[in-house]
Amino acid sequence: MALTVYDLWKSYHEKLDTEVTLSGWVRTSRTSKSFGFIELNDGTHFKNIQVVFGENLNNFDEISKISLGSSINVNGKLIKSPGDKQPFEISASSIEILGFCDPEFPLQKKRHSPEYLRTIAYLRPRTNLFRAVFKVRSLLAFAIHKFFTEKNFVYVHTPIITGSDCEGAGEMFGVSTLDMNNPPRTEDGKIDYSKDFFGKQTNLTVSGQLAVENFCMAFRNVYTFGPTFRAERSNTQRHASEFWMIEPEMAFSDLNDNMDTAEEMVKYLIRYVLENAPEEMEFFNQWVDKGLLERLNFLLNSDFGRVTYTEAMDALIKSGKQFDYKPEWGIDLQTEHERYLTEEVYKRPVFVTNYPKGIKAFYMRMNDDGKTVAAMDLLVPGVGEIIGGSQREERLEMLEKRITEMGLKKEDYWWYLDLRRYGTNKHCGFGLGFERMVMYMTGVENIRDVIPFPRTPKNAEF
RNA sequence: GGGAGCUUAGCUCAGUCGGUAGAGCAACUGGCUGUUAACCAGUUUGUCGGGGGUUCGAGUCCCUCAUCUCCCGCCA
C-alpha cells in the first residue's frame, strides 16, 4: 500500500533523508516569492505534514496559488524541519495536482459555526473538529465490541424491522409498501395491514431489548449494537430520530451486577479512546471543552455515585434550590433535577436506582416494597441521562399483572412471557445511547454534530 | 407536542432615536528568502429570510409565513 500521513508520523525517524511519495489534500498553504509551505493531510492521521517547495518545481507558479482543498501528489525528501512546530517535513522535488479545488469551496481557513457546517454536512468531515469527532466515534464503536468480546458476550443482531407493535419505548416509524393514497381498508374503514408486505403492521425498531432477552436465555451474556428509530418530535440537543444503541443483557444477574458492568464499560471506553486518539482528545480539550481531559481522568479514578431515587429526591428537596418543577416523591426526575444531581451534588456520573413503578416500563422488576422497581439510570455531567436499564421482572405472574396494570395486552407479548415459563431467572440489562457517549467523550454539545448525517424532525438532508 | 429567540456580504458579526449599508475574515491583484489560522498593500462583494402593513421615509416599528437555534416534554 502507498505511504500515508499516518505511516510517516509513526515512523518518520526511519525514513529521514529518503525519498517519499505522498498523496493528500491541501489543508492550508503559505507562499512567498520563491518558496512556500503546504499543510498536507490524507485523513489517516489527525496531524498534517508540512511540505516545503521552491522554484525548483517546474510548476512553481501553479503550486503557489493552489487552492485549499485541492488534492495533490508530492514527491520529495523527508527531512528534519528547521521550524519548531513540527519534527519533520517533506522537501518537494515535484508536486502534481490531482484534483483542483474550486475557489467556491465553502470551507475556509478559519473557524466555522457548527450550525453552518450542518448545512454542508457532506463536506464537514474535512474539518478538524469533525475529523476528530468521527474518528472517536469509530474508535468507540470498536471499543464496545472489544469490551464485550473480551468478557465473552455474544453479539446479537436484533431485527431493525419489527412486528411487535408495542415495545413501549416511544413513537415508531411505520414500515409499509401500501399505496398511501389508496390503502386497502377493512370493513370498519381502518387500513387493512393484512394486505401489507409482511401481512401485518410493522415498524422500525425502537429498542432491541425484548428480542435480545431471548438470546440472553441461551447465551447468558449478550449484547446488541445497532441503529434504533424514534418518531418523537423531540427538538433538543440530545435527541435524534435515528441513533445507535448498545444493549447488553445478562442472565443470572441483578441490578448491582448491571451497574457494575455499566460502570466498567464506560471506564473501558474512555480509557480506550484516550489511549488511541490522543491528538483528537487534545484538540477537544483545547477547542471544545477546556476541562474535558481533567474530567475524564478524574472519572477513571473515582467510583460512580449510586443513590436511590428516594435518596436523590430527598437531596433535591433538602437543597432548598428553586426548581421549575418542585421535587416530590413520585414524579419523574426532570432534566433540571438530573443536571443538578450529577453536576452540583455529586459532580461525577451517578446511578439513580429504584424508581417509582408508575413512571417506568412494565418489564422492570417489582421491588419488595411494592412501590418501586429495580431500574437504574446513569446521569453524567453535561449530557444527562446516558444509560437506562433495569433488572427484568422474571416472575410470570407479576409480569402479567404489570402488563395488565399498564393497559397493555398479554397476547402481544406471548413469546416474551414464554421466557418466564421456560427456565426463568433473574436477569438484567441496559441501553447506552451511543451518540450520548460520543458527546460525553468529546465535549461536543449537540447530537447532530456526532452523527455523520443526522436525522431529526423536519431534517433528512443528504 | 408546548415555549422563547434568531435570520444583514461567501463566513463571523456590528448597525444608535425610523433618515437610504458597515467591519474582520475569505476571494481576487500585487509585494515579501522559513512560514505555522504567515505577514504587508490594494480591489471586489448586498432581494437586510419571504409576503403584507404603518410612515414623507423601514435593516430598524406592526402582522404573517418559513428556516434555524435554544429550553421544556418524550428518552438513549
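For clarity, every value in this text was computed on a predicted model and none was experimentally measured. Just so we're on the same page: letters track the sequence lines, and every chain starts at 1.
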message = Using a 4.0 Å heavy-atom cut-off, does A:G431 contact any base of the nucleic acid, only the sugar-phosphate backbone, or nothing at all?
response = sugar-phosphate
inquiry  = When you measure from the side-chain N and O atoms of A:Q50 to the phosphate of B:U35, is any distance below 4.0 Å, counting only OP1 and OP2?
reply    = no
query = Less than 3.5 Å between a donor and an acceptor, one on the side chain of A:S234 and one on the base of B:C75, is that the case here?
reply = no
ask   = Can you find an N or O donor on one side and an acceptor on the other, under 3.5 Å apart, linking the side chain of A:E89 with the base of B:G34?
value = yes
message = Could you tell me how far B:C39 sits from B:G3 if I compare only their C1' atoms? Round to whole Å.
response = 50 Å
ask   = Are A:E213 and A:Y416 linked by a side-chain donor-acceptor pair shorter than 3.5 Å?
value = yes
request  = Can you check whether any acceptor in the base of B:C25 is under 3.5 Å from a donor in the side chain of A:R111, or vice versa?
outcome  = no
Under 3.5 Å side-chain donor-acceptor pair for A:S23 and A:N73 = yes
query = Counting only distance, no hydrogens or angles, is the base of B:G10 paired donor-acceptor with the side chain of A:Q108 under 3.5 Å?
reply = yes
task = Please report the C-alpha distance between A:D7 and A:K15 in whole Å, then the side-chain angles of each, then the deciding distance to 0.1 Å, and finally whether the salt bridge (Lys or Arg N to Asp or Glu O under 4.0 Å) criterion is met.
result = CA-CA 10 Å; A:D7 299 332; A:K15 296 192 175 67; over 6 Å; no
query = If we ignore angles and hydrogens, is there a donor and acceptor under 3.5 Å between the side chains of A:Q209 and A:Y363?
reply = yes
query = Nearest to the side chain of A:D332, which nucleotide is it out of B:C70, B:C75, B:C32?
reply = B:C75
inquiry  = Under 3.5 Å, is there a donor on one side chain and an acceptor on the other for A:S93 and A:N75?
reply    = no
inquiry  = Regarding A:D324, tell me which of base, sugar-phosphate or nothing describes its non-hydrogen contacts under 4.0 Å with the strands shown.
reply    = nothing
message = Just to be sure I understand the rule, does A:H239 reach a base, reach only the sugar-phosphate, or reach nothing, if contact means heavy atoms closer than 4.0 Å?
response = base
Which pairs of donor and acceptor atoms, one on a side chain in residues 82-90 of chain A, lie under 3.5 Å apart (sequence neighbours left out)?
| unit_1 | atom_1 | unit_2 | atom_2 | d |
| --- | --- | --- | --- | --- |
| A:Q86 | NE2 | A:S81 | OG | 3.0 |
| A:E89 | OE1 | A:Q50 | NE2 | 3.0 |
| A:E89 | OE1 | A:S81 | OG | 2.8 |

task = Could you tell me whether the phosphate oxygens of B:A38, OP1 or OP2, come under 4.0 Å of any side-chain nitrogen or oxygen in A:R30?
result = yes
request  = Mind calculating the distance between CG (A:L57) and P (B:U33) to the nearest angstrom?
outcome  = 17 Å
task = Determine the Euclidean distance between corresponding P atoms of B:A37 and B:A21; express it in Å to zero decimal places.
result = 38 Å
ask   = With centres under 5.5 Å and planes under 30°, do A:F434 and B:A76 count as stacked?
value = no
inquiry  = Side-chain N or O of A:T335 versus OP1/OP2 of B:G73: is the shortest distance under 4.0 Å?
reply    = yes
task = Using a heavy-atom cut-off of under 4.0 Å over every strand shown, decide if A:Y325 touches base, sugar-phosphate, or nothing.
result = sugar-phosphate
request  = Toss me the dot-bracket line for RNA chain B: Watson-Crick and G-U wobble, both under 3.5 Å, 5' to 3', using | for pairs to another strand and [ ] for crossers.
outcome  = (((((.(..((((.....[..)))).(((((.......))))).....(((((..]....)))))).)))))....
key: Sugar-phosphate, base or nothing in reach of A:F35, heavy atoms under 4.0 Å   = sugar-phosphate
